[in-house]
Amino acid sequence: LERFHLHKPDFFQNLARDPGFDIRYLPQHSRPFQLPCYWVPRRRLYLLGAPPAGAMSFISGATSDERVLFPIHPSALDDFRPWLHAVEARNANADGLWVWALPTSCTRTLLAWPDGSGERAVFVKTSMHTPIFRNRRVTRIRVGLAMGLNSLAEAVRAQLPGEVHILPEVLGFSPRRALDSGAVVRLVPPEVIDGRRRVGPLFSVL
């Protein structure tokens, strides 16, 4: 439903705006790909929220040398390279961490999981630097909005009808300098992970 039953993909995926975009990263064409991830010193980032418990880990190290796992959409990696060099980011592969990903109907939002640990999968909303989808960057303001809305949803959860469920966005970060392009981590509900429930995106429901 997230990949092969999309509503008017040719209308929403306007390839004429960016002929050089690799269509392998569109959900209907994609196979699992390695997601570039880098350990970035926490002091180099604006960070909101908290690391998800029991899911893929995004924080590493002691307080004095704490680092954040920064996922980057492959199509935007070249744009990030100068910043990665400036902040002395370390490729997670060097530590033996390999992360795999698949795009969802919202192409910049990826289902991501550590190699061999699919049960720890999360959704990662990445920044895409392509005019195909217009502005798809996760800016500092968008990170703040996501965390604020999540806090509001948690506060009123008890007042919501039992049939209403929310996919919580629990952690977000963006660079302090240079590119205003970060990421947001969204949890996959346990009943979806273990197969008790199936969910369908709006682009499939339509």
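The first residue of the sequence shown is numbered 1, and numbering continues consecutively from there. These numbers come from a predicted model, not from an experiment.
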**Student:** Does L45 offer a backbone N or O that forms a donor-acceptor pair with the side chain of R176 under 3.5 Å?
**Tutor:** yes
**Student:** Determine, step by step, whether L171 and V184 satisfy the side-chain contact (heavy atoms from CB on, under 4.5 Å) criterion, reporting the C-alpha distance in whole Å, the side-chain angles of both residues, the deciding distance to 0.1 Å, and the verdict.
**Tutor:** CA-CA 6 Å; L171 181 66; V184 168; over 6 Å; no
**Student:** For residues N93 and W98, is any side-chain donor paired with an opposing acceptor at under 3.5 Å?
**Tutor:** no
**Student:** Whether R197 and E191 form a salt bridge (side-chain N of Lys/Arg under 4.0 Å from carboxylate O of Asp/Glu) is what I want to check.
**Tutor:** no
**Student:** Report yes or no: does S127 contribute a side-chain atom to a donor-acceptor pair with the main-chain N or O of V138 at less than 3.5 Å?
**Tutor:** yes
**Student:** Quick one: which of P27, P103, P71 gives a side-chain contact (heavy atoms from CB on, under 4.5 Å) with L110?
**Tutor:** P103
**Student:** Is there any side-chain hydrogen bond (donor to acceptor under 3.5 Å, both in side chains) pair reaching into residues 101-111, and which pairs are they, with sequence neighbours excluded?
**Tutor:** E2-S105
**Student:** Can you confirm whether more than 12 heavy atoms, excluding those of Q34, are under 6.0 Å from its CD atom?
**Tutor:** yes
**Student:** Can you tell me if CZ on F11 sees more than 12 non-hydrogen neighbours from other groups inside 6.0 Å?
**Tutor:** no
**Student:** Should the heavy atoms of other residues, nucleotides or ligands under 6.0 Å from CD1 of I141 be counted, would the total exceed 12?
**Tutor:** no
**Student:** Using atom types as modelled and distance alone, determine if a side-chain donor or acceptor of D22 lies under 3.5 Å from a backbone N or O of R24.
**Tutor:** yes
**Student:** For residues L97 and L69, determine if any side-chain heavy atom of one lies less than 4.5 Å from a side-chain heavy atom of the other.
**Tutor:** yes
**Student:** Over 60° means perpendicular and under 30° means parallel, so tell me whether F173 and F70 are parallel, tilted or perpendicular.
**Tutor:** tilted
**Student:** Treating Ile, Leu, Val, Met, Phe, Trp and Tyr as nodes and any side-chain heavy-atom pair under 4.5 angstrom as an edge, say whether F123 and L26 lie in one connected cluster.
**Tutor:** no
**Student:** Are V122 and Y38 in one and the same hydrophobic cluster, where Ile, Leu, Val, Met, Phe, Trp and Tyr link if side-chain heavy atoms are under 4.5 Å apart?
**Tutor:** yes
**Student:** With under 30° as parallel and over 60° as perpendicular, where do the rings of H7 and F12 fit, or are they tilted in between?
**Tutor:** tilted
**Student:** Does the side chain of S181 come under 3.5 Å of the side chain of R137 through a donor N or O and an acceptor N or O?
**Tutor:** yes
**Student:** Under 3.5 Å, side chain of S30 to main-chain N/O of Y25, donor-acceptor pair present?
**Tutor:** no
